[in-house]
Amino acid sequence: MFFSRSCATGSAASPFVPAEDDVFLVSYPRSGNTWLRFLLGNYLSGQKMDFFNVHAFMPDLDENPEAVKQLACHPRFIKTHSPFRPDLNNVIYLVRNGRDVAVSYYHFYIRTKKVPKNFTFAAFADAFAKGRVGYGLWNNHVESWLENPPSRFLLVRYEDVKAKPVDELVRICNFAKIKVDLPRLRSAVEASSFENMAKLDAAQPRRGIVPKEKNEMFVREGGTNYSSYFDEAMNAEFLKAHGAAMRRLGYL
Ligand code: PPS
């Protein structure tokens, strides 16, 4: 039913209304949402995901609601960075250590020229701790979902996907009521490896961005090395704002 599924275009006339079986891939930015979409897309689509077709298979509700409305496959997998909204069910909420999110977001801000190249991490960390970045306080985003989980809700940690991608993908498939085919799943994990996605990222520049160095790549580091960015003061400031969610998610 799901493999080689065709996501043929339907009508775009009506406003977005969630279908009962829609599955939402929800995360604060820079938490690994694109990786999750590659994993699922490579598993389900029968095609090789890349940085263009992934948006057609699993569109972004915030950026392109029309593409979501035009999806004719079921269940629809829909990406969003939205904080809690009550009309979404079947939510896979992807989290990542907030400090790694801050580091990744910092480089993304430079990549997309939201801040100049010489903007310091200290200044960004200060803005992040105060919620003065795109999606506001990381803590609030996480708590908004953890405090109000819809009836069908799956919490997935980026670090767990890194450590045991096959197991986590099985969990996700079970949650989304998708049949599990282990050999196929392992191939999807391989096709979506950091190295393979980084190669595709380099071969497919987007939005006029031509990265000049590794930190300007979209698939940049994929790491958990925040400690080389945060000094003691930044750490204290970060934990003052985000300690509750960090503790709750087992990151402290
Ligand atoms: S966005 O801009 O909000 O859509 O970003 P998002 O896709 O959620 O997150 C980007 C980070 O995910 C990392 N990434 C990966 N990590 C491990 N393995 C794979 N295959 C992978 N693909 C993407 C990506 O490198 C970004 O993290 P950083 O730390 O910047 O490298």
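Here, residue 1 is the first one in the sequence, and each next residue gets the next number. Each ligand, and each atom within it, is numbered from 1 in the order the structure gives.
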Mind jotting down which residue pairs meet the side-chain hydrogen bond (donor to acceptor under 3.5 Å, both in side chains) criterion with at least one end in residues 165-175? Sequence neighbours excluded, please. Lys164-Glu168, Glu168-Arg171

Could you tell me whether His81 approaches ligand 1 through its side chain, its backbone, both or neither, with non-hydrogen atoms closer than 4.0 Å? side chain

Record the part of Arg111 in heavy-atom contact with ligand 1 below 4.0 Å; permitted values are side chain, backbone, both and neither. neither

Note: Pro29, heavy atoms under 4.0 Å from ligand 1, region reported as both

Classify the contact between Ser192 and ligand 1 as side chain, backbone, both or neither, using a heavy-atom distance cut-off of under 4.0 Å. backbone

Charged N-O contact under 4.0 Å between Glu237 and Lys240: yes

At under 4.0 Å between heavy atoms, what of Tyr158 touches ligand 1? The answer is side chain

Short N/O distance, under 3.5 Å, between Val219 and ligand 1? no

If you measure from each heavy atom of Lys79 to ligand 1, is any distance below 4.0 Å? yes

Option from His107, Arg220, Arg111, Lys117 for which side-chain hydrogen bond (donor to acceptor under 3.5 Å, both in side chains) with Glu213 holds: Lys117

Short side-chain donor-acceptor distance under 3.5 Å, Asn89 and Arg152: no

Does ligand 1 have any atom sitting under 4.0 Å from a heavy atom of Arg30? yes

Among all protein heavy atoms, pick the one closest to atom 25 (O) of ligand 1 and tell me residue, atom and distance. Arg220 N, 3.1 Å

If you take the nearest heavy atom of each of Glu63, Met217, Arg96, which one is closest to atom 29 (O) of ligand 1? Arg96

Whether Arg76 and Asp21 form a salt bridge (side-chain N of Lys/Arg under 4.0 Å from carboxylate O of Asp/Glu) is what I want to check. no

Evaluate the ring planes of Tyr105 and Phe124, with Trp represented by its six-membered ring, and classify them as parallel (under 30°), tilted (30 to 60°) or perpendicular (over 60°). perpendicular

Short version for Glu159: what comes under 4.0 Å of ligand 1, heavy atoms counted, is neither

Would you please name every residue forming a side-chain hydrogen bond (donor to acceptor under 3.5 Å, both in side chains) with Ser187, sequence neighbours left out? none

Atom indices of ligand 1, in the order listed, that fall short of 4.0 Å to a heavy atom of Ser104: 26 (C), 27 (O), 28 (P), 29 (O), 30 (O)

Suppose I only count heavy atoms of Ser193 and a 4.0 Å limit; which atoms of ligand 1 are within that range? 20 (N)

Are Leu36 and Val161 close enough, and set up right, to give a side chain to side chain contact (heavy atoms under 4.5 Å, CB included), and what steps lead you there? CA-CA 9 Å; Leu36 189 53; Val161 183; 5.7 Å; no

What residue and heavy atom of the protein are closest to atom 7 (O) of ligand 1, and at what distance? Thr34 OG1, 2.5 Å

Phe218 heavy atom under 4.0 Å from ligand 1: yes

Do Met197 and ligand 1 have an N or O pair less than 3.5 Å apart? no

Any nitrogen or oxygen of Asn33 lying under 3.5 Å from a nitrogen or oxygen in ligand 1? Just yes or no. yes

Residue among His81, His242, His141 satisfying ring-ring contact (aromatic ring centres under 6.0 Å, His included) with Tyr28: His141

Okay, side chain of Asp60, backbone of His55: is any donor-acceptor separation there less than 3.5 Å? no

Options Ala102, Ala198, Ala191, Gly32, ranked by nearest heavy atom to atom 6 (P) of ligand 1, top entry: Gly32

Are Leu182 and Ile178 linked, directly or through other ILVMFWY residues, by side chains that come within less than 4.5 angstrom of each other? yes

